[in-house]
Amino acid sequence: MVIGVLALQGAVSEHLEMIEKCGARGIGVKRASGLTGIDGLIIPGGESTTIGRLLEEYGFFPPITEISNSGVPIFGTCTGLIVLAKRVRGKHGPILGLADIEVERNAFGRQVDSFERDIIISGIESENEPFRAVFIRAPVVLSAGPEVRVMARIDEGIIMARDRNYLVAAFHPELTPDLRVHQYFLKMVRERKEAP
Ligand code: GLN
């Protein structure tokens with residue numbers, strides 16, 4: 001299994017390391033041509049207006065939409081969640097608009113408000129064991145369509161969810177040693193590959 005990690009900006013090497021630790025192959029994707037042949041795509045954290053603009057500038061919109069329509073799983077963390085969303089509240093740059101969620105940026109405050117929290121994520125391995133989640137100027141999902149499976153919340157805010165082949169997390173699972181979130185994503189990739 002080959003997982004592409006969008007390598008325009010942000011926490012790329014950490015995701016690649018997690019993928020390798022889970023036993024799959026990770027490659028950094030710097031050009032739209034790098035999407036060819038990948039089994040899954042991760043869009044990492046960073047800054048969503050910058051990543052959105054670079055995605056547009058480098059011609060990523062049509063090929064990402066194409067692979068997503070063919071069912072390739074796409075995992076967005078933090079900024080990745082924002083650019084995957086169908087709706088973003090307030091002013092924002094270009095977004096892919098694929099996952100049926102509405103998002104608010106910087107929902108937990110500015111940089112100083114970065115924090116860690118033990119959360120419970122339904123659907124991952126040993127789901128009753130807390131996952132240490134790192135939030136950095138994190139977005140929140142304000143609302144989700146009827147098909148969306150909410151996997152984790154903080155108070156009332158949705159912070160992890162799955163919509164068909166899209167997985168989104170408001171936090172940074174690549175910044176903790178816990179592999180369970182990446183393993184869940186790889187399970188989505190494997191299930192698609194093995195489907196008849
Ligand atoms: N606040 C950033 C944004 O709006 C996201 C931060 C992150 O990815 N850690 O893009």
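Sequential numbering from 1 along the given sequence is applied to the chain's residues. Order of listing sets the numbers, starting from 1, for every ligand and every atom in it. Computed from a prediction, not measured in an experiment: that's the story for all the values here.
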Can you list the ligand 1 atoms lying under 4.0 Å from a non-hydrogen atom of I82? 3 (C), 4 (O), 10 (O)
E125, CD atom: more than 12 neighbouring heavy atoms under 6.0 Å: no
Side chains of I43 and F75: does their closest heavy-atom pair fall under 4.5 Å? no
Please classify the R105 to ligand 1 contact at 4.0 Å (heavy-atom distances, strictly less than): side chain, backbone, both or neither. side chain
I'd like to know if the side chain of T49 pairs up with that of E47 as donor and acceptor (distance under 3.5 Å, no hydrogens or angles considered). yes
What atoms in ligand 1 come closer than 4.0 Å to a heavy atom of E47? 10 (O)
Is there a donor-acceptor pair under 3.5 Å between the side chain of D39 and the backbone N or O of V189? no
Do other residues, nucleotides or ligands put more than 12 heavy atoms under 6.0 Å from the CD atom of E57? yes
Geometric N/O contact H172 with ligand 1, under 3.5 angstrom: yes
Identify the closest protein heavy atom to atom 10 (O) of ligand 1: which residue and atom is it, and at what distance? S48 N, 2.5 Å
Heteroatom distance test (C78, ligand 1): nitrogen or oxygen, under 3.5 angstrom: no
For atom 1 (N) of ligand 1, what's the nearest protein heavy-atom neighbour? Residue, atom name and distance, please. N106 OD1, 2.7 Å
Within the structure, does T79 bring an N/O atom to less than 3.5 angstrom of an N/O atom in ligand 1? yes
Assess the residue pair F135 and E116 against the criterion (side-chain contact (heavy atoms from CB on, under 4.5 Å)); give the C-alpha distance rounded to whole Å, side-chain angles, the decisive distance to 0.1 Å, and a yes or no. CA-CA 6 Å; F135 294 82; E116 293 185 19; over 6 Å; no
Check ligand 1 against G45 and write out every atom of the ligand that is under 4.0 Å from a heavy-atom position of the residue. 8 (O)
Do S114 and R137 get their side chains close enough for a donor-acceptor pair, meaning under 3.5 Å? no
